[in-house]
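Here the structure is a predicted model, which is why all the values come from computation and not from measurement.
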Amino acid sequence: MAVVRMIVAAFVLTIVQLACGGAGATKGVPSGLLYGGILKHFERTTTEDPSTRLAILRAIEHVRERLGACDDGLQHPRVSMLSKQVLHYTRDGLTPLVHMYRDHRQRIHRRQVIMGINYYFNLEWDMAVMRGPFSSAKFGETQVHRFVITRNRDHSLHVLKHVVSNLDAPPRWTHQRFWATLESSFGDWKFEGLSKLRAHRLQKQNPLLRLERDIAGRIITTFSTLFRGTTAAPVCFTSSSSPCLLDAAAFTATPSPSARSGLLNILSYNIWNINGFDQDTYWKRLDILGSQMRQSNADIIVLQEVRHDAIRDSQPTSLGRQLLEYQFVYQPAMMYPEQIFGRVEEGPAIYSKYPILKHSYMLLPRNMSHPQDSQHQRVLLHVTVSLPTGPVHVFVTHLSLSEEARDASVVAMYDYMQQFTGPRLLFGDLNAEPQERAMRFLAGEEELHGITTEGMFDAFRKLHPEPRPGNKYSRNETDRDFGLTFNVLDKQLCKRIDYCFVLAESDQTPAVCSFDVVPKQRNATKLPASDHLGIQLTLSLNPALPCAA
């Protein structure tokens, strides 16, 4: 009985700690926050560390699933940019949560709550001479696979990021060139807490160098492309001795005729996280989602409400198995505290047939007095995709249920998007209807916080009239206007809350060639893939060519 009482007391103490914490109407982002519920805490690691080696083996297995060849040589990658992020759970965004318990002698122990570990690294292989119509790789070139592998508390490993690029033999980086490039490229960015000499020494030893902007916690970005000239040592993970020559066609999309002419096909979908898991409908729903995504033949797939659930399913990994042609980046926005021992995270993800050159994200403002917003951090995920016609910037978010937080978020997102040039595409479930202030601001129709958007428009409105919301139909009117996307679970759709906004300079404004919903026909007798309809559109990124080209 004494043991039972101690266990109950420890459990109650933990629950009390979770329930406590500041509840003020704090806005903005704490300086130490990596994302909702998790503190920034990077550490160095090496290939000698057993847990790191297991993470690398998981990445090699992921590559093998897509490659289906060169099995032996895959065990000899060159490993670089090693780092790990220890996922310390936080309640206040500043300090780790400490779990207190008593042992059998009534001694009090304190232990920080750690939800898991993320491993960051690059794997490099030489590429083979290509044969056939898709030839592009040459001897001497290198294929770099950038990974984030996460380890749960039960030691299971999942892939949260896999992007691929092909590199020529890179030049050597000198001390002067390294810092000159750093300062010219990033201006007011700083290396945190280290002298230049010390940072350069660490860089030579291949850690994952982290740079953060001198605005507390606002933007967190990894810049692995800066240091691709560093030497990566081959690491042997089995007894195999053959070098690996990769077939680049397995990871490099072949430009379609439409892509070469500047047409871009994008699908955006709120996938409703893991709903239906307890009713045994989740896996059927995931198969339907995967089928719809493959049938869309989209160049880029943009997703919201993507879950990494340590107990049930890691959707970034599961969807990656269904979309073998795509590279992907997943960014958690929040970790749900009610599932603290199971680690449930949710955020956006982007899957691309074309190389993802860079990616970053921004934590969005929250209204801490709102019951939903206080536990739900939101993020804006950004990737730069290399298309045959040039780079395009893709952004995705899932906005707050708080109107105040949405208003602050759209202004912050617009400010962030202006830092880039060229076509910028913003997708997401924005939790607001077109007549609301935040959506009118993004469409350039209303001023917000003294700011008005310029060069930004709602892609849907370029081709279709605004649909009437659900309360504008008569009782016997069964058909709904085209464009409504929510709620699929109801008898009738009633809202348009899934969007694509386009921002570009006047001489680079993309043309909207088509805009559709996915699936095109609702069937009330079949299991829906999500509570939202997806949106799919085709853009012409070449203003000189018409959409029919």
**OP:** Check whether any side-chain heavy atom of Gln322 lies under 4.5 Å from a side-chain heavy atom of Met293, and answer yes or no.
**Re:** no
Original post:
Counting distance only, does the side-chain N/O of Arg285 pair as donor-acceptor with the main-chain N or O of Ala529 below 3.5 Å?
Top reply: yes
**OP:** With rounding to the nearest 0.5 Å, note down the distance linking CG in Leu33 to CG in Leu94.
**Re:** 8.5 Å
**OP:** Take Thr485 and Ile497 through the side-chain contact (heavy atoms from CB on, under 4.5 Å) test and state the conclusion after the steps.
**Re:** CA-CA 7 Å; Thr485 59; Ile497 58 176; 4.2 Å; yes
Original post:
Is a side-chain N or O of Gln536 found less than 3.5 angstrom from the main chain of Ser296, in a donor-acceptor match?
Top reply: yes
Original post:
Taking atom types as modelled, is there a side-chain donor on Glu404 or Ser369 under 3.5 Å from an acceptor on the other?
Top reply: no
Original post:
Between Arg146 and Ser165, do the side chains contain an N or O donor and an N or O acceptor separated by less than 3.5 Å?
Top reply: yes
Original post:
Does Phe395 have its ring centroid less than 6.0 Å away from the ring centroid of Phe420?
Top reply: yes
**OP:** Look only at the side chain of Asn487 and the backbone of Gln492, and say whether a donor-acceptor pair between them is shorter than 3.5 Å.
**Re:** no
Original post:
Any chance the side chains of Asp481 and His464 put a donor and an acceptor closer than 3.5 Å?
Top reply: no
**OP:** Give the minimum heavy-atom separation between Val164 and Gln143, together with the two atoms involved.
**Re:** CG1-CG, 3.5 Å
**OP:** Compare all side-chain heavy atoms of Ser386 with those of Pro391 and state whether any distance is below 4.5 angstrom.
**Re:** no
Subject >> Option from Arg378, Gln331, Glu345 for which side-chain hydrogen bond (donor to acceptor under 3.5 Å, both in side chains) with Tyr35 holds >> reply: Glu345
Original post:
Between His62 and Phe147, does the ring centre distance come in under 6.0 Å?
Top reply: yes
Original post:
Just by modelled atom types, is the Leu364 backbone N or O under 3.5 Å from a matching donor or acceptor in the Gln377 side chain?
Top reply: yes
**OP:** Decide, yes or no, whether a salt bridge links Arg496 with Glu466 under the criterion of side-chain N to carboxylate O below 4.0 Å.
**Re:** yes
Original post:
Quick one: does Asn431's side chain get under 4.5 Å of His398's, heavy atoms only?
Top reply: yes
Original post:
Given the rule in the side-chain contact (heavy atoms from CB on, under 4.5 Å) test, do Tyr282 and Asn275 qualify, once you have shown the distances and angles that lead to the verdict?
Top reply: CA-CA 6 Å; Tyr282 168 71; Asn275 278 285; over 6 Å; no
Subject >> Check: Asn270 main-chain N/O paired with Asp429 side-chain donor or acceptor under 3.5 Å >> reply: no
**OP:** State, without any angle test, whether Ser360 and Tyr416 hold a side-chain donor-acceptor pair at a distance under 3.5 Å.
**Re:** yes
Subject >> His382/His359 aromatic ring centres below 6.0 Å >> reply: no
Original post:
Between the side chain of Gln292 and the main-chain N/O of Leu289, is any donor-acceptor distance below 3.5 Å?
Top reply: no
**OP:** Using the six-membered ring wherever Trp is involved, compare the ring planes of Phe460 and Phe482 and label them parallel, tilted or perpendicular (cut-offs 30° and 60°).
**Re:** parallel
**OP:** Mark yes or no for whether Asp92, through its side chain, and Thr95, through its backbone, hold a donor-acceptor pair below 3.5 Å.
**Re:** yes
Original post:
Thr397 versus Leu381: any side-chain heavy-atom pair under 4.5 Å?
Top reply: no
Original post:
Any donor and acceptor pair, going by atom type alone, linking the side chain of Tyr499 with main-chain N or O of Ala432 inside 3.5 Å?
Top reply: yes
Subject >> Arg343 vs His308, side-chain contact (heavy atoms from CB on, under 4.5 Å): CA-CA, chis, key distance, verdict >> reply: CA-CA 8 Å; Arg343 187 185 169 193; His308 171 73; 3.9 Å; yes
**OP:** Indicate yes or no for a side-chain donor-acceptor contact from Ser291 to the backbone of Ile288 under 3.5 Å, with no hydrogens or angles considered.
**Re:** no
Original post:
Judged by atom type as modelled, is there a donor-acceptor pair below 3.5 Å linking the side chain of Gln315 to the main-chain atoms of Arg307?
Top reply: yes
**OP:** Taking the side chain as every heavy atom from C-beta outward, state whether Glu346 and Asn273 have any atom pair closer than 4.5 Å.
**Re:** yes
Original post:
Is any side-chain N of the basic residue among Arg461 and Asp458 closer than 4.0 Å to the acidic one's carboxylate O?
Top reply: no
Subject >> Thr90 and Pro96, any side-chain heavy atoms less than 4.5 Å apart >> reply: no
Subject >> Contacts of Arg111 that satisfy salt bridge (charged side-chain N to carboxylate O under 4.0 Å, His left out) - sequence neighbours left out >> reply: none
Original post:
Do the rings of Tyr351 and Tyr326 sit parallel, tilted or perpendicular, given the 30° and 60° boundaries?
Top reply: perpendicular
**OP:** Check whether any side-chain heavy atom of Leu82 lies under 4.5 Å from a side-chain heavy atom of Thr52, and answer yes or no.
**Re:** yes
**OP:** Test side-chain contact (heavy atoms from CB on, under 4.5 Å) on Asp313 and Leu286 and set out the steps.
**Re:** CA-CA 11 Å; Asp313 183 32; Leu286 191 70; 4.1 Å; yes
**OP:** Can you sort out the partners of Tyr119 under ring pair (Phe, Tyr, Trp, His ring centres under 6.0 Å), two or more places apart, ordered by chain and number?
**Re:** none
**OP:** Verify the distance criterion only: is there a donor paired with an acceptor across the side chains of Asn297 and Lys353 at less than 3.5 Å?
**Re:** yes
Subject >> Over all atoms of both residues, closest heavy-atom pair of Asn367 and Ala405 >> reply: N-CB, 3.9 Å
**OP:** Measure from the ring center of Phe427 to the ring center of Phe501 and say whether it is less than 6.0 Å.
**Re:** no
Original post:
Are Arg53 and Asp49 ion-paired here, with the side-chain N under 4.0 Å from a carboxylate O?
Top reply: no
Original post:
Within 45 degrees of the axis of the six-membered ring of Phe457 and under 6.0 Å from its centre: does Lys462 put its NZ or CZ there?
Top reply: yes
**OP:** Identify whether the distance between the nearest side-chain nitrogen and carboxylate oxygen of Arg406 and Glu436 falls below 4.0 Å.
**Re:** yes
Subject >> Plane angle bin for Phe328 and His162 - parallel if under 30°, tilted between 30 and 60°, otherwise perpendicular >> reply: perpendicular
Subject >> Identified side chain to side chain contact (heavy atoms under 4.5 Å, CB included) counterpart of Val385 within the set Leu264, Ile266, Val392 >> reply: Val392
